[in-house]
There are 2 protein chains.
Amino acid sequence: MKEKNHLQIQDFLPYLLNRAAENTSLDFQKTYKDRYGMLRTEWRVLFHLGRYGDLTAKQICTMADLHKTKVSRAVSALERQRFLERTRVPTDRRNELLSLTKQGQAAFGHLQTEATRYHETLVASFTVEEQAILQKCLKQLANFS
Amino acid sequence: MKEKNHLQIQDFLPYLLNRAAENTSLDFQKTYKDRYGMLRTEWRVLFHLGRYGDLTAKQICTMADLHKTKVSRAVSALERQRFLERTRVPTDRRNELLSLTKQGQAAFGHLQTEATRYHETLVASFTVEEQAILQKCLKQLANFS
DNA sequence: CATTGATAGTTACAAATGCAACAAATATCG
DNA sequence: CGATATTTGTTGCATTTGTAACTATCAATG
């Protein structure tokens, strides 16, 4: 005679996360799509290179949690648009080191500013403590399982 | 001579949300994909019908924040697999009311239980207060802009 | 009621993605 | 060394998605 205490499904975390992710990502996309013709994955690769310096595709896969196919295609697109260049690593010629061009660095600089601004509007109504908890929880969920 | 105080890009909210959403969704997908052959959108449509009773496609679009083509295709797939049925509304024959079949209700019942269990494992390491703040923030971000 | 406009839902085509197979370089181990 | 296995990255094909155009029904206006 036990009533199961079910989660209200509209509170289901993966569902909420998806909605929040899609909503904010589509919104921010306006910032880079029209001006730089980038896709979401490309912007993600770009900002890893801007933030962490030269990396191999494999390193980006690991850090950004992206499949190597996605990274491969994003790198090709960014290269075609002259946002980055590749150089083979002589000591292990399977790797190629990816570096932003001047143009790529300029785009990164601009988008970093815009991202900062956008992030701040997103969290504007949250307290500092709430922001910290949100960050903590999301980072844990991003690495869960 | 002003140093801009840039956000650390790995803290950028849309990025964190995407990673957390993808990670948890792919994880939970194991629960419905193999057993019921559903895709993510189909599961989402199913649980809206299970939770809120009969709805039109349009209502699901609004409530779940899904594009009508996605809903249309998910409904077709769910119908093909006999999880739901459609009936034209006589007073306005543009609408069709979607209702779960017995089989659809059974799947919903099962998946609701699994979702509850999975949700609990996700938040197991968070305090009750943290859970509440996370919910509040995510709901706001899901409706932002 | 006839024209025009709006709404619910579908479909066709292009773009993006996931998966598996692949090539090339290196590592391992007899 | 030489055979086999592993790693890095790309490509082909099937699936999924997004966009826009479409059909069918209903509403509004003259």
Side-chain angles (χ1 to χ4, degrees), chain A residues 18-19 21-23 25-27 29-30 32-34 36-46 48-49 54-81 84-99, chain B residues 18-19 21-23 25-30 32-34 36-45 48-49 54-81 84-99:
Chain A
N18 265 290
R19 289 196 50 168
E22 272 315 296
N23 187 38
S25 294
L26 287 176
D27 202 15
Q29 192 183 39
K30 294 200 291 283
Y32 55 83
K33 190 176 185 187
D34 291 341
Y36 299 106
M38 284 181 208
L39 301 177
R40 201 185 298 179
T41 312
E42 293 161 26
W43 148 240
R44 208 148 141 182
V45 167
L46 180 91
H48 273 84
L49 289 171
D54 300 356
L55 298 168
T56 67
K58 171 71 185 182
Q59 287 176 304
I60 296 177
C61 293
T62 306
M63 298 171 73
D65 194 24
L66 286 171
H67 194 270
K68 60 182 181 174
T69 311
K70 261 177 134 174
V71 172
S72 173
R73 290 192 259 240
V75 166
S76 296
L78 289 170
E79 186 187 36
R80 195 173 336 122
Q81 300 163 271
L84 62 74
E85 288 169 344
R86 338 188 187 207
T87 45
R88 286 276 174 197
V89 178
T91 60
D92 184 343
R93 295 172 31 72
R94 286 171 302 183
N95 295 283
E96 40 191 19
L97 210 53
L98 307 170
S99 1
Chain B
N18 264 292
R19 289 195 49 167
E22 271 315 296
N23 187 39
S25 294
L26 287 177
D27 202 14
F28 183 68
Q29 194 183 38
K30 294 199 291 281
Y32 55 82
K33 190 175 185 187
D34 291 341
Y36 299 106
M38 284 180 208
L39 299 178
R40 201 185 300 179
T41 311
E42 294 160 25
W43 147 241
R44 208 148 142 181
V45 167
H48 273 83
L49 290 171
D54 300 358
L55 298 168
T56 67
K58 171 71 183 181
Q59 287 176 302
I60 296 177
C61 292
T62 307
M63 297 172 72
D65 194 25
L66 287 170
H67 195 269
K68 59 183 180 173
T69 53
K70 258 178 137 175
V71 172
S72 173
R73 291 192 261 240
V75 166
S76 296
L78 289 170
E79 187 188 35
R80 195 173 337 120
Q81 301 163 270
L84 63 74
E85 288 170 345
R86 339 189 186 207
T87 45
R88 286 277 174 197
V89 177
T91 61
D92 184 344
R93 296 174 27 72
R94 287 171 302 184
N95 293 283
E96 41 191 20
L97 210 54
L98 308 170
S99 0

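Letters A, B, ... are given to chains in the order of the sequence lines, protein chains preceding strands, and every chain is numbered from 1.
In the set C:dG9, D:dT11, D:dG9, the nucleotide with an atom closest to the side chain of A:Asn95 is D:dG9. When distances run from any side-chain atom of B:Arg73 to the nucleotides C:dA12, C:dA6, C:dT17, the shortest one goes to C:dA12. When distances run from any side-chain atom of B:Leu39 to the nucleotides C:dT17, D:dG12, D:dT17, the shortest one goes to D:dT17. Distance from the side chain of B:Glu96 is smallest to C:dT10 among C:dT10, C:dA25, D:dT10. Of the candidate nucleotides C:dG18, D:dC26, D:dT19, C:dG18 has the atom lying nearest to any side-chain atom of A:Thr69.
Contacts of A:Arg86 with the nucleic acid, taken as non-hydrogen atoms under 4.0 Å apart, involve only primed sugar atoms and P, OP1 or OP2. Residue contacts shown for A:Lys58 are limited to sugar-phosphate atoms, with no base heavy atom under 4.0 Å away. Residue contacts shown for B:Ser76 are absent, as no nucleic acid heavy atom lies under 4.0 Å away.
The interatomic distance linking B:Lys70 (NZ) with C:dT10 (P) rounds to 16 Å, in whole Å. In this structure, B:His67 places its NE2 atom 16 Å from C1' of C:dA16, rounding to the nearest Å. Following rounding to the nearest Å, B:Met38 (CE) and D:dT15 (P) show an atom-to-atom distance of 19 Å. Rounded to whole Å, atom C1' of C:dA23 lies 11 Å from atom CZ of A:Arg88. If you measure from atom NZ of B:Lys33 to atom P of C:dG18, you get 10 Å, rounded to the nearest angstrom. Nucleotide C:dC19 holds its C1' atom 13 Å from the CD atom of B:Gln29, rounded to whole Å. One atom, NZ of B:Lys68, and another, C1' of D:dT17, lie 16 Å apart when rounded to the nearest Å. Summarising the geometry, the separation between CD1 on A:Ile60 and C1' on D:dG9 is reported as 12 Å, rounded to the nearest angstrom.
Nearest-nucleotide positions on DNA chain C place A:Thr41 closer to the 5' end than the other of A:Thr41 and A:Asp92. Nearest-nucleotide positions on DNA chain D place A:Arg94 closer to the 5' end than the other of A:Val71 and A:Arg94. Heavy-atom nearest nucleotides on DNA chain D were determined for A:Gln59 and for A:Glu22, and the one closer to the 5' end corresponds to A:Gln59.
When all heavy atoms of A:Ala64 and A:His48 are compared, the closest pair comes out as CB-CE1, 3.4 Å.
With B:Arg88 contributing its side chain and B:Arg93 its backbone, the two residues share a donor-acceptor pair below 3.5 Å. Under the 3.5 Å distance criterion, the side-chain polar atoms of B:Glu42 are matched with a main-chain donor or acceptor of B:Leu39. Side-chain atoms of B:Ser25 come within 3.5 Å of backbone N or O of B:Ala21 as a donor-acceptor pair. No donor-acceptor distance shorter than 3.5 angstrom exists from the side chain of A:Glu96 to the backbone of A:Glu85, with no hydrogens or angles considered.
Between the side chain of B:Arg93 and the base of D:dT25, no donor-acceptor pair of N or O atoms lies under 3.5 Å.
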